[in-house]
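Quick note: numbers below take in every heavy atom, side chains included, and nothing from hydrogens, waters or symmetry partners. In the text below, chain A, chain B and the rest are named by the order of the sequence lines, each starting its count at 1.
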Amino acid sequence: MIEQLLLEKTREAVRVIYGQEISAELIGFEKTKKEIEGDFTIVVFPLLRISRKSPEATAHDLGEYLKTNIDWIREYIIIKGFLNITLKESFWLEFLGGNWNEPDYGLQQTRDEQPVIVEYSSPNTNKPLHLGHIRNNLLGFSLGKILEANGFRVIKVNLVNDRGIHICKSMLAYMKWGNGETPESSGMKGDHLVGKYYVLFDKQYKEQVRALKESGLQEDEAEKQAPLLMEAQEILRKWEARNQETFDLWRMMNGWVYKGFDETYNHLGVRFDLVQHESSTYLSGKDLVMKGLEQGLLNQKDDGSIWADLKDEGLDEKVLLRADGTSVYMTQDLGTAQLRYNELNPLKMIYVVGNEQIYHFDVLKIILKKLGCEWSDRIFHLSYGMVELPHGKMKSREGTVVDADDLMEEMYQTAEKTTRELGKVNEFSDDEATNLFSMIGLGALKYFILKVDPKKNMLFDPAESIDFTGNTGPFIQYTYARIQSLLRKAESAGLSLQATGPVPRVFETERPAARSPQPAVISLKPVETSILKMLYAFPQTIRQAGAEYSPARIANYAYELAKEYNTFYQEIPVLKEENRKMAETRLLISAFTGEVIKRSMSLLGIEVPSRM
RNA sequence: GGCCCCGUAGCUCAGCUGGAUAGAGCAACAGCCUUCUAAGCUGUGGGUCGUGGGUUCGAAUCCCGCCGGGGUCACCA
């Protein structure tokens with residue numbers, strides 16, 4: 001890596017010239033700003049104490065030393081305290097020749113035995129997926145890919161929230177008012193059908209609460225005493241006692257939901273390596289709690305409920321088992337974490353869960369530690385912000401929830417409409433066209449969501465998300481399609497990429513003018529070095545995205561690269577170039593850029609079309 | 001009220017471990033299709049980086065106070 005060489009040589013220069021050993025952190029080292037001539041910049045201000053010279057003089061000392069000691073440096077320019085170093089073109093050309101066809105460029109080989117677990121999605125089986133889940137799924141899936149690109153063995157886990165009082169509510173409503181309706185008989189997708197009964201429960205329950213209040217009860221009393229809630233609680237007890245009838249109904253309704261979810265996941269293009277169900281992990285949580293109680297780490301109240309006292313940690317008490325012995329959300333998560341640790345011994349357990357649960361995960365880690373699980377440090381909660389709509393938050397009871405299936409369908413249709421209007425698919429078969437609309441619609445949706453920093457709340461404006469111009473997924477896809485088209489045209493024009501060889505001869509000709517009898521055969525324009533610099537930064541970008549768990553970094557990188565390429569594309573007609581070697585070089589730049597765009601988009605779970 | 005997160009152009013967002021004149025897109029306006037795909041490109045206008053202090057040669061970035069917005073503090077998940 002040239003950066004390390006520059007850094008090392010700079011330290012050496014300080015040692016030789018000023019006689020002092022310095023740490024690398026003292027050297028301000030960065031890529032040169034775009035508007036300024038140069039490739040890399042050394043900021044000398046921090047070194048002034050050592051050099052005891054002016055910024056300019058210090059930069060000059062270092063610049064001279066580096067230039068005489070590093071072959072790749074062509075020249076340096078000093079602006080105030082900034083030493084801007086320009087590399088020879090041969091550096092970039094050699095980089096291009098050596099990597100454009102490298103199938104693993106930027107990607108690390110899997111090196112870790114211990115896996116990283118990425119849990120995401122984690123749906124409840126009582127209602128269909130909505131826009132919030134979409135952000136979750138896209139983040140989790142992309143994060144998994146990014147970590148894999150960083151050489152981790154990743155296990156993507158979906159923890160299905162298939163038990164608990166909320167599930168019993170939709171079951172109860174179905175028992176009361178379902179009349180044996182099924183997805184087949186109603187023509188509804190299974191998850192939507194079950195969701196319908198959950199909503200129905202909520203409506204009837206609110207009605208009961210209202211009636212009770214009118215008969216003189218306090219609000220909180222009314223909420224607790226509403227017959228529907230008590231019936232639901234009864235179902236939960238029956239379920240935990242493995243009552244056959246309850247269990248069969250539960251299994252049937254969950255089956256419908258899974259089928260519906262699978263459809264949505266397939267459509268969205270996300271995958272899991274492992275699906276866990278809370279119904280089969282919560283018992284482990286109960287065990288953990290009972291053990292903790294025996295060891296005196298937890299305490300039991302008079303009514304029989306079991307609690308963790310977290311006052312020493314500055315938090316409150318937390319219930320872990322209800323008085324009737326049934327478990328709560330926290331109990332399940334304790335059990336799930338324990339099982340994962342025992343069975344997979346992960347390097348890290350990443351939970352992709354909304355930021356409204358930050359407190360929950362803080363508590364989870366503390367309780368685990370309290371129970372003697374030192375590995376709780378390996379838990380990392382990747383919390384992401386809420387998705388807001390132009391008119392405010394999504395609220396199911398106000399009907400402002402954006403359904404995942406509806407949204408994807410809408411994106412598809414807009415993609416189809418726009419694409420047809422532009423006359424892009426006149427020569428496509430039906431299958432090809434359908435496939436393209438899907439790629440574009442989903443590409444737009446995914447990119448729109450992933451380009452935003454996960455931790456921030458984001459605004460989802462349907463009108464804007466459906467725009468395909470500017471900083472959007474389709475813009476990047478379009479750039480890729482153009483590159484592919486260019487490569488096809490080049491081939492039929494007799495310009496073959498492979499014929500140029502891995503490192504074309506032309507790359508070896510560039511030498512300092514003084515020692516070379518002939519001028520360099522080719523020379524790069526600013527746009528071209530600019531693209532090459534970006535391509536050079538790809539591996540580093542992946543590392544940063546991995547370290548920060550940030551798909552947004554990849555998304556913004558892909559856009560910058562595509563934008564840069566479009567400028568190039570507009571300014572420099574490759575196929576019109578008279579110098580054949582120059583034309584070939586530019587083809588390589590195009591091919592390489594296409595590859596990196598494709599890989600970046602793949603890390604976001606976005607497909608790119610070869611024509612559009 | 002305690003704790004956590006956010007505040008950058010009219011709108012949506014970038015801005016890497018502090019560095020040079022704070023960047024894109026959308027929207028507005030003006031250009032570019034006998035030229036490798038115009039879902040594109042070029043140009044113009046638009047900013048006291050919420051605010052007041054502090055640290056520093058240097059702050060959108062780090063620290064503290066305040067203001068504004070959101071989240072959370074359930075025997076819901």
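A search for side-chain contact (heavy atoms from CB on, under 4.5 Å) contacts involving A/P46 returns A/L26, A/V43, not counting sequence neighbours. In this structure A/D362 satisfies the side-chain hydrogen bond (donor to acceptor under 3.5 Å, both in side chains) test with no other residue, sequence neighbours excluded. Here A/Y480 pairs with nothing under the ring pair (Phe, Tyr, Trp, His ring centres under 6.0 Å) rule; sequence neighbours left out.
With hydrogens and angles left out, the side chain of A/D316 and the base of B/A74 share no donor-acceptor pair within 3.5 Å. A donor and an acceptor atom never sit less than 3.5 Å apart when one is taken from the side chain of A/K33 and the other from the base of B/U21. Judged by distance alone with a 3.5 Å cut-off, no donor-acceptor contact links the side chain of A/T472 to the base of B/A39. For A/T41 and B/A20, a side-chain-to-base donor-acceptor distance below 3.5 Å is present, hydrogens and geometry of angles not being considered.
For the pair A/Y478 and B/A39, the criterion of a side-chain N or O lying under 4.0 Å from OP1 or OP2 is met. For B/C5, neither phosphate oxygen OP1 nor OP2 lies less than 4.0 angstrom from any side-chain nitrogen or oxygen of A/S383. Residue A/T418 places no side-chain N or O under 4.0 Å from the OP1 or OP2 atom of B/A39.
Between the CG atom of A/L450 and the C1' atom of B/U12 there is a distance of 16 Å, rounded to whole Å. The separation between A/Y569 atom OH and B/U35 atom P is 11 Å, rounded to whole Å.
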**Item:** Pairing annotation in dot-bracket form, given for RNA chain B with Watson-Crick or G-U pairs under 3.5 Å and | for cross-strand partners
**Value:** (((((((..((((.....[...)))).(((((.......))))).....(((((..]....))))))))))))....

Would you give me the side-chain donor-acceptor pairs under 3.5 Å for residues 457-465 of chain A, sequence neighbours excluded?
from, atom 1, to, atom 2, distance (Å)
A/N457, OD1, A/M386, N, 2.9
A/N457, ND2, A/E388, OE2, 3.4
A/D461, OD1, A/A463, N, 3.1
A/S465, OG, A/P462, O, 2.8

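RNA chain B is contacted by A/K455, A/K456, A/N457, A/M458, A/L459 of residues 454-463 of chain A, taking any non-hydrogen atom closer than 4.0 Å.
Using cut-offs of 30° and 60° for the angle between ring planes, the A/W239 and A/W250 rings count as perpendicular. Ring-plane geometry between A/F40 and A/Y536 is classed as perpendicular, the angle between the planes exceeding 60 degrees on a 0 to 90 degree scale with a lower cut at 30.
The side-chain ring of A/F82 is stacked on the base of B/A20, judged by centre separation under 5.5 angstrom and plane angle under 30 degrees.
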